[in-house]
Amino acid sequence: MNLTAWIFNLPYLVYSIIFFFIPVGWAFWLATTDWNLMAEKFNYVGLKNFKKLFSSSSVIKSFWNSYRYMIPIILGCLILGFLIALLVSRLPKKIRGVAAVGFFIPYLVSGTAVAVMVQYVFSYNSTLSNFLRAHFDNVPINILQSETGFWILVAMVVWKMSGYYALFILSGIESISEEVNEAAELDGCTGINKLFRITIPMITPTITNVVTLAAGLSFHIFSEPYLLTGGGPLKKTTTWYLEIYNSAFVSFKAGYSSAMAIACGLQIFLTLRLITFLMDRVNHKFGW
Amino acid sequence: MKAKLNIRKYLLPILLALVFLAIILFPYYYLVLQSFVPWVKVDKTLVPKDLTIKSFSYLFTQSSSTNPYVWARSLLNSFIVSLPTGIISVLVGLFTGYASSKMNFSGKKLIYNLLVFQMFFPTIILLVPRFMIMKDYVNSYVGLILPLCIPIWAIFMYINYFKTIPDTIFEAARIDGASELQNVLLIAMPATKPISVIVFLTSFTTRWTEVIWDMKMASDVHYKTLNVMLTSQFSRTDALPGPMYASAVALTLPIILLFLAFSKYFREGINFMVK
């Protein structure tokens, strides 16, 4: 049984050694060099790359932008996801599946495809831009490169993800037993009251899941700013992934970008830890 | 009387759901519509009128002397890269998941700890070193497929699902003389069908929409996936809106059809994932 088990695990192990464990070691070693992806020679620079991170405006922007993205994305996904799930849960059982799949479609639309549309819809000569200029003052010439740009990117992510998270919330709502619902209604607890006193407390573990997933997701934003804003204006929409990609493959600073990736990983780890800790306390309060 | 009551109970939610669904799906409707309207009307209409497939035929017949049918080729590349990834994730997930939850062997704990470590490790750190390892495989399918073919979450999906299947089933089969391979293929595989569907669909979709890796690995247009092809045309001012919309539709439609075809299993799988 020993041998068979190891044979079963072999593909995974070989893959992990080549594409996970060697790269991990390599990344930490690279972060201490000034290698540029191509040159034969490079120097050992110790912790210099890490020190440089603290004075880099892109890194500082990426750090704070992660949270600027995270908060509206979590709130947007939760609220919209909840609305969708509540609506679907009121439908007759037979059509729930179909409806859920309908709301799920945005999740399947690749970010690149949506970006094509957003680019044209908000371009200078588009119908929408002309309409906005005709009816409002102070419409920026390049909408995507204005303050609004950030919110357009957030809306793209929320639109894409809420139908997916709604499926989680729906499963949570469906798992509340009929007796609980009936007892609440007998006691005259309905509508908004029921939502806040019964439904939400009953599914806090599901909400925890969704919050953690959405938080993790907001660190991974790449296509939307890469295609639409290039991180601008003034790095207001930039993200870790975008900056790491640019420093590695555009400016060819492999060592520095590895240090950046490690810093990003550290922030993800600590933030998700903090969120889990906070959500556990909420769960605890509701008796989970 | 009863039917009447039901209609009254469900009428409002159904209407609300329809309105809400229409709002949510409107952007996608707009995207699809623009790919079918005549070029002079792209981005200027909301009603499906005078529909044509000109954008699609233009896109998929676009050729250069060195690269015939570049867009059609890139669509094919997306399948060439995503299909093996989906299949490999299912197979590796199944075998590794089975071994780590239904077999006893020395080192079991170690494998499990490795998996947990990998699961929570931010993959962005691996980007540059992985690229260096595969540097000689730039512009090849091997370079595109191998580094991203085994998602760790897939293995965990199987491990968690196997927890719901009693060990005694496999024990009984062993006593009857079944080999471990037979256990996997004849018992575990059929029993994990909903999870296999979810794993296949999700890893197929993730791979299909991958940007960063594919952008770096396919500098030659011959190996570009549709997603990268679209990305590379993005900032070009000579790109025609109609065909760009058409390529966006070509990028999304296969995924949507795939999910619709398996929607029954998908719901089951999500319900399991949440628990």
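Order of the sequence lines fixes the chain letters, A, B, ..., with proteins taken first and strands second; residue numbering starts at 1 for each chain. This one's a predicted model, so the numbers in the text were calculated from it and none came from an experiment.
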Chain A interface, residue from B/Gly97, B/Pro241, B/Pro122 that has the most non-hydrogen pairs under 4.5 Å: B/Pro241
Determine, using ring centers only, whether B/Tyr158 and B/Phe95 are less than 6.0 Å apart. no
Greatest number of heavy atom pairs closer than 4.5 Å to chain B - which of A/Gly102, A/Ser257, A/Ser123, A/Pro11: A/Gly102
Do A/Thr127 and B/Asp43 have side-chain atoms, one donor and one acceptor, less than 3.5 Å apart? no
Mind checking whether A/Phe104 and A/Tyr164 have parallel, tilted or perpendicular rings, split at 30° and 60°? tilted
Atom group of A/Val101 that falls short of 4.5 Å from chain B, counting heavy atoms: side chain
As an exercise: rank B/Ile150, B/Thr96, B/Ile24 by heavy-atom pairs under 4.5 Å with chain A and give me the winner. B/Ile150
Checking A/Trp240 against A/Phe219 for the ring pair (Phe, Tyr, Trp, His ring centres under 6.0 Å) test, could you report, in this order, the C-alpha distance in whole Å, the side-chain angles of both residues, the deciding distance, and whether it holds? CA-CA 7 Å; A/Trp240 276 113; A/Phe219 285 102; 8.5 Å; no
Report, in residue-number order, which members of residues 248-256 of chain A are under 4.5 Å from chain B by heavy-atom distance. A/Ala248, A/Phe249, A/Ala254
For B/Leu12, is it the side chain, the backbone, both, or neither that has a heavy atom closer than 4.5 Å to a heavy atom of chain A? neither
Heavy-atom distance under 4.5 Å to chain A: side chain of B/Lys108, backbone, both or neither? neither
Per-residue tally against chain B (heavy atom, under 4.5 Å) across A/Ile18, A/Val88, A/Ile84 peaks at A/Ile84
Option that, when pairs with chain B are counted at under 4.5 Å, heavy atom only, ranks first among A/Trp35, A/Trp29, A/Phe28: A/Trp35
Can you tell me if A/Tyr226 and B/Thr231 form a side-chain donor-acceptor pair at under 3.5 Å? no
Top residue by heavy-atom pair count (under 4.5 Å) with chain A, among B/Ala250, B/Gly93, B/Pro13? B/Pro13
Exercise: identify the closest heavy-atom pair between A/Val210 and A/Phe168: CG2-CB, 4.0 Å
Contact origin within A/Ser223 toward chain B - heavy atom pairs under 4.5 Å: side chain
Would the B/Phe121 and B/Phe117 ring centres measure less than 6.0 Å apart? yes
Is it the side chain or the backbone of A/Phe20 that comes within 4.5 Å of chain B heavy atoms, both, or neither? both
Give, as side chain, backbone, both or neither, the part of A/Ser16 having an atom under 4.5 angstrom from any heavy atom of chain B. both
Check whether B/Val249 gets within reach of chain A through its side chain, its backbone, both or neither, counting any heavy atom under 4.5 Å. neither
Looking only at A/Phe269, A/Phe21, A/Tyr107, most heavy-atom pairs under 4.5 Å shared with chain B are made by A/Phe21
Tell me, side chain or backbone of B/Lys44 under 4.5 Å from chain A's heavy atoms, or both, or neither? both
Is it the case that B/Gln118 and A/Tyr12 place a side-chain donor and acceptor less than 3.5 Å from each other? yes
Using non-hydrogen atoms and a 4.5 Å limit, figure out which bit of A/Leu86 sits close to chain B: side chain, backbone, both or neither. neither
From CA spacing to verdict: salt bridge (Lys or Arg N to Asp or Glu O under 4.0 Å), B/Arg174, B/Glu180: CA-CA 8 Å; B/Arg174 273 173 206 138; B/Glu180 293 302 324; 2.6 Å; yes
Could you look at A/Leu91 and say if it's the side chain, the backbone, both or neither that has a heavy atom under 4.5 Å from chain B? both
Can you tell me which portion of A/Ile7 sits under 4.5 Å from chain B's heavy atoms? Options are side chain, backbone, both or neither. neither
Comparing A/Cys264, A/Pro205, A/Ala115 against chain B, the one with the most heavy-atom pairs below 4.5 Å turns out to be A/Ala115
Check whether B/Ile14 gets within reach of chain A through its side chain, its backbone, both or neither, counting any heavy atom under 4.5 Å. both
If every non-hydrogen atom of B/Gly143 is compared with every non-hydrogen atom of B/Met134, which pair is closest and at what distance? CA-CE, 3.7 Å
Taking the side chain from A/Thr239 and the backbone from A/Ile221, do they hold a donor-acceptor pair closer than 3.5 Å? yes
Output the option from A/Gly25, A/Ala100, A/Ala27 having the highest count of non-hydrogen pairs under 4.5 Å with chain B. A/Ala27
Short side-chain to backbone donor-acceptor contact, A/Glu224 and A/Met156, under 3.5 Å: no
Side chains of B/Trp208 and A/Ser110: is there a donor and an acceptor less than 3.5 Å apart? no
When heavy-atom pairs shorter than 4.5 Å are enumerated against chain A, which of B/Thr205, B/Leu148, B/Asn227, B/Val92 gives the highest number? B/Asn227
Pick from B/Ile111, B/Ile255, B/Val211, B/Ile88 with the largest number of heavy-atom pairs that fall under 4.5 Å of chain A: B/Ile111
Can you tell me if B/Thr45 uses its side chain to pair, donor with acceptor, with the backbone of B/Lys41 under 3.5 Å? no
Does any backbone or side-chain atom of A/Ile262 lie under 4.5 Å from a heavy atom of chain B? Answer side chain, backbone, both or neither. both
Under a 3.5 Å threshold, yes or no: a donor from one side chain and an acceptor from the other, between B/Tyr98 and B/Asn183? yes
Just to verify, which of B/Lys224, B/Met229, B/Arg207 counts as forming a side chain to side chain contact (heavy atoms under 4.5 Å, CB included) with B/Asp214? B/Arg207
Tell me which of these, B/Ile155, B/Leu146, B/Thr209, has more heavy-atom pairs under 4.5 Å with chain A than the rest. B/Leu146
Should the pair A/Arg96-A/Glu174 be classified as a salt bridge under the 4.0 Å nitrogen-to-oxygen rule? yes
Between A/Ser129 and A/Ser126, is there a side-chain donor-acceptor contact under 3.5 Å, judged purely by atom types and distance? yes
Residue A/Ile268 versus chain B: region with a heavy atom under 4.5 Å: side chain
